[in-house]
Each structure stands twice: as C-alpha cells, then as structure tokens.
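One structure below.
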Protein chains: 2
Amino acid sequence: MVVVNVDEGGAVTERNTEVEALPVGVAAAWGLRGRTGRGPKPVMSLERIVAAAVAVADVDGLAAVSMSRVAAELGAATMSLYRHVSGKEELLAHMVDAVFGMPPTVREDEDWRAGLTRRAWTLLSAWRTHPWALDVPIAGPPAMPHEVTWTEDALGTFRDTGLTDRERLSVLMLVSGYVRNQARLEAQVGEVGTNQPSYGALLRRLIDERAYPELNRLVSSGVLDDPDDADAEFSFGLDRVLDGIEALLRKRS
Amino acid sequence: MVVVNVDEGGAVTERNTEVEALPVGVAAAWGLRGRTGRGPKPVMSLERIVAAAVAVADVDGLAAVSMSRVAAELGAATMSLYRHVSGKEELLAHMVDAVFGMPPTVREDEDWRAGLTRRAWTLLSAWRTHPWALDVPIAGPPAMPHEVTWTEDALGTFRDTGLTDRERLSVLMLVSGYVRNQARLEAQVGEVGTNQPSYGALLRRLIDERAYPELNRLVSSGVLDDPDDADAEFSFGLDRVLDGIEALLRKRS
DNA sequence: GCCAGGAAGCGTATGACATACGCAGAAGCG
DNA sequence: CGCTTCTGCGTATGTCATACGCTTCCTGGC
C-alpha cells in the first residue's frame, strides 16, 4: 500500500499525503494520475512497460520480472521506468489487471448459472495463460479497473434472485475464489518433479500403507497418475459450488 | 523444484540426480535426508531455523524473511543456515508446513459435514495467524508431511459416502481452497489504505453511478463499510460449499 | 515570442539480498 | 593415529530495487 504523489524530481514516489492514499497502482489505473503536458514527449508509457513485463513473465515466470529485465526488453534504461511506475509493486498490480482485461460481455438471455459458468471459464483461461499471476503478493482489496468491472458485471447476473447485496458479493467471491484455487492446483501439479511422471508417483515414494491407508488406496488406484482431465475436474467442482448456491436461491424463493 | 543432494563441501545443494528428484524441501521434511553422525555436533538445526523464520514472518511479514535476518535472530552467521537448508525456497516450504502442523484429531462421532466444518475452521485459524503464508510462491504439489496428513485424515471423513476416490479428493480440494481464498480476501481487505476506513470508502472514490450501478448500490448500502463479521462471512460461504457437496451425496445414495 | 518551470530519460551510486567457495576445527570410523 | 566427513562461518560476487541528480526537451503563462 503506497501513497501516490509526484516529487520534485518528477519520479513517481510514495509519500504520506492525506488525500491521495490508495492501494498501489490504483490511482494510475483509474487515470487519477497522468502527465501535465509539459516536458518532452514520452517514448515510454505505463502501458508499454506493463506489456513488456507481462511478456517476460509469460515466458520466464514472475521471478524473471526485474526492473532491469523489463527495461532491457524495451531497449531503455532501468531508471526510466520510474517515471511511469512508482516501483515494482505497482508494476505487478498493473500486470495482473492487464492479463484479466475486460470481462466477457453480459448476455441477457442467460440465467445466473449460465452467466457465472461462462465467466468462470473465461477467468480460468486467463489464469492458465498467466499462472505467474498466482504468485503476485497481496496488495490490497480488489480495486483495479478490470477487477472492479468483472465484479460489477457479475453482480448483475444475480439481479433478480432475492439475494441480499452482501450475499451476492459473497457468492461472487466464492466462485472467483474457486476458479483461482483450481488454477493454483493445476499450477502446483504442473511443478511435479522431472523424474516423477505424476503426483501419484511422488506420493508413492513418501507414504506407506499403514500410516496413510486412504491416500495409499488413492495412489494405488492410479487416479493421481493419469493426466487429469483438468477441464472435467474444474467442471465437477464448479458444479458443486453452483449447486450450493442454487440450494440457497431455492430457500429464498 | 530442486534436486536434493549433498555436495563435497557438505552444504545442501541442488544437482541433477536421477533418483532423488523431489519438490523442494520434501526429502528433508520426510526425513529422507539427515546427518551421518560424523563431524561436530550441530548447534543449529532445521527446526530452529524454521521456527526463527516463522517468528520473523509473523511479526514483520514474509518480505522481512531474509537469510541474514533469520541468522541474526539465531545469533548465527548467514551462511551457516545453508548447512541445514538448501536455500530460501526450501526454507519457505518448511515454514508453511510448520504453521499448519498436524491436523485436528479425527472424531468418529462426527458425520462428514461436521468433520469438514471443524477442519475448515482450524485451517482458517492457521491462515489468519500466519497470513504471510498466502504469499509463499507455488513450489509443487501438496507433498509436505503435515499437508499430506491433513489430506489423509480428511479423506477419511468421506469413507462411507459413495463418492469415488477422485471425487473425494476433488471435494477436499474444494473445501480447503475455499478456506484459503477466504483467508486471502480477509488479508486483502486488511490492506485497505490508512486513509480509507473501509473497502467501501475506497470504491466510493473510484466508481460512478452510471458506469457501476450494481457496485454503487452496494457501496451506498453501507455493506462494505461496516467491519464485516468475518466469521459469519466464512460460515456463509462454507455452507454454500457444503450444501453443494450434500447435493452430490444425495445423488449418490 | 520568451522564459521559467516541469517532465522524460538515464547515468551513477548505494545498500540489501541470496548464495558460491573454501578455510579451520570438531567429531567419527577403521 | 590418520583420514574422512561435517559444522560454522568469513569472504566474495552478482543481482536487484531504487535514491539522487544532470541534461535536454517541451509546454503554459505572461
């Protein structure tokens, strides 16, 4: 969490100001901070910096995203980035919001379940494409523009369901959290060792039948060995979540 | 993901070996790597290092956990840590497993729903006590001893439910993922700016009524202003998840 | 039109960090 | 007892984020 201001040197820095306190990157993302018009025309821009950083992360992972690496990708000097972004933390916040982009268009012919399902799949696709986003440290509540727009649109799918405002938001958080968690599990399993064909093979080396009878059975059944159909897994869990929401809606009508 | 081995100098290093490939920290955690008995009696130990690191993280957050900081807390030299841990990534893996510890004891008088509920609350408590654990980068599939034991015990709660092995695991991942996500949301909201009394106040500054009617209504209702009863929030979502699972069980019986 | 002020790019420098390498001494084994 | 193994740690290196300040470009205001 930083306070956003521009100092005497012109670089974007962090300072304690009564009126400007926002989570890192939020002011810039909402256009509350821009250039005055004076000075040389920038060759650089926040958008270009973010795009370069996302490209690095997509190829080499989050750990490869250093200010100097991003600058090198842009053919610029490291310190020039600081004219457009206050620091690495802000850059990361922009990167995450960038990869999720705008939500899918709202369709009036869909009921809440179909709407949420479609959104969940779109979200999952973004996580899968950019798994490094899972490792970006917590910076604050959802406040970046795309994030907020996803929430706004999704709240709309519950317009006529009888849920309270708080419940609608809670239900949304449940679904999007489920998507994130599935993406995380996929990323974890994707990190299985080079000499382990599967998660099952890994566990087989660690557990014994006496101490871990349930897992032993699971592992012996081969369930963890076959390359899971990640889509089916996702669907299964999503249906559980949506069934639970449906049970609530039934109570409300 | 590292390969675990001990090099000529005696420090724990990473090397490409056919037979020892395990996710970082797993071999050590399962006692597959220990000392031979030769050499001076160690003053240091993996357990002490991990405990010191957890203490630092609990007070100052994950970013404060540097090898030199942990060593300082132990009154030792930074490089001495490397005799017991291959690197920072391994240290982080041990830290996370340490804070979750052993799962609550299994109770035979509980049905699956009660059992899962109790476990969920215990898990949430650990996340709340150690929110830094949320920011530890993905290292591999769940393979650390405590983690595996939590899974084993929880699988037992579904023993006589008619679910397939794969379904049982999926359902477990759903619940534990829900807990993690709630902890994450709490941590995010806890990062609200110093000049924002609430998440609602933050959003109020960013959105306008025309573009964000749903959120505007939510914010105007004051729902996001009052200090949420986090426990009630958690309960609400957990019940949705468990209701969804219950719907599945009904189909299976 | 002029000029002061603001802004962009970036060179230089600093401190923090993770960890490689190797020395000295402690301890076990044959 | 000699040799091997292991522990603690000093020294060193490269990477990283970012503070500070210089030069040049450009605009807004008079």
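These figures come from a predicted structure and were not determined experimentally. Here is how names work: the chains are called A, B, and so on, in the same order as the sequence lines, proteins then strands, and each is numbered from 1.
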Please report, rounded to the nearest Å, how far the [atom2] atom of [N] is from the [atom1] atom of [X].
| X | N | atom1 | atom2 | result |
| --- | --- | --- | --- | --- |
| B:K88 | C:dA20 | NZ | P | 15 Å |
| A:R33 | C:dA7 | CZ | P | 12 Å |
| B:R48 | D:dT7 | CZ | P | 14 Å |
| A:L62 | D:dA17 | CG | P | 11 Å |
| B:L92 | C:dA18 | CG | C1' | 12 Å |
| A:H84 | D:dT18 | NE2 | P | 16 Å |
| B:R69 | C:dA18 | CZ | P | 12 Å |
| B:M44 | D:dC6 | CE | P | 18 Å |

Problem set entry | Under 4.0 angstrom between A:S80 side-chain N/O and C:dC10 OP1 or OP2 | yes

For this session: Check whether any side-chain N or O of B:S68 sits under 4.0 Å from OP1 or OP2 of C:dC17, and answer yes or no.
Result: yes

Taking the side chain of [X] as heavy atoms from C-beta outward, which of [options] is closest to it?
| X | options | value |
| --- | --- | --- |
| A:M79 | D:dA19, C:dT19, C:dC23 | D:dA19 |
| B:P40 | D:dT18, C:dG6, C:dA27 | C:dA27 |
| B:M67 | D:dA17, C:dG6, C:dA18 | C:dA18 |
| A:R83 | D:dC9, D:dG21, C:dT19 | D:dG21 |
| A:Y82 | D:dT18, D:dG10, C:dG9 | D:dT18 |
| B:S66 | C:dC17, D:dG8, D:dA17 | C:dC17 |

Is a side-chain donor or acceptor of [X] paired with a backbone partner of [Y] at a separation under 3.5 angstrom?
| X | Y | value |
| --- | --- | --- |
| B:E73 | B:A52 | no |
| B:R48 | B:V43 | yes |
| A:H146 | A:D97 | yes |

Problem set entry | A:R204/A:D225 salt bridge by N-O under 4.0 Å criterion | yes

Exercise. With the threshold set at 4.0 Å, does a side-chain nitrogen-carboxylate oxygen contact exist between A:R33 and A:E90?
Worked result: yes

For this session: Nearest 0.5 Å please: distance from the CG atom of A:L32 over to the CG atom of A:L22.
Result: 6.5 Å

Would you tabulate the nitrogen or oxygen pairs shorter than 3.5 Å linking the protein to nucleotides 28-30 of chain C?
{"residue": "C:dC29", "atom": "O4'", "partner": "B:R38", "partner atom": "NH2", "Å": "3.2"}

Exercise. Mapping A:V65 and B:S45 to their closest nucleotides on DNA chain D, which lands nearer the 5' end?
Worked result: B:S45

Exercise. What residues, two or more places apart in sequence or in another chain, satisfy side-chain contact (heavy atoms from CB on, under 4.5 Å) together with B:S66?
Worked result: B:S68, B:R69

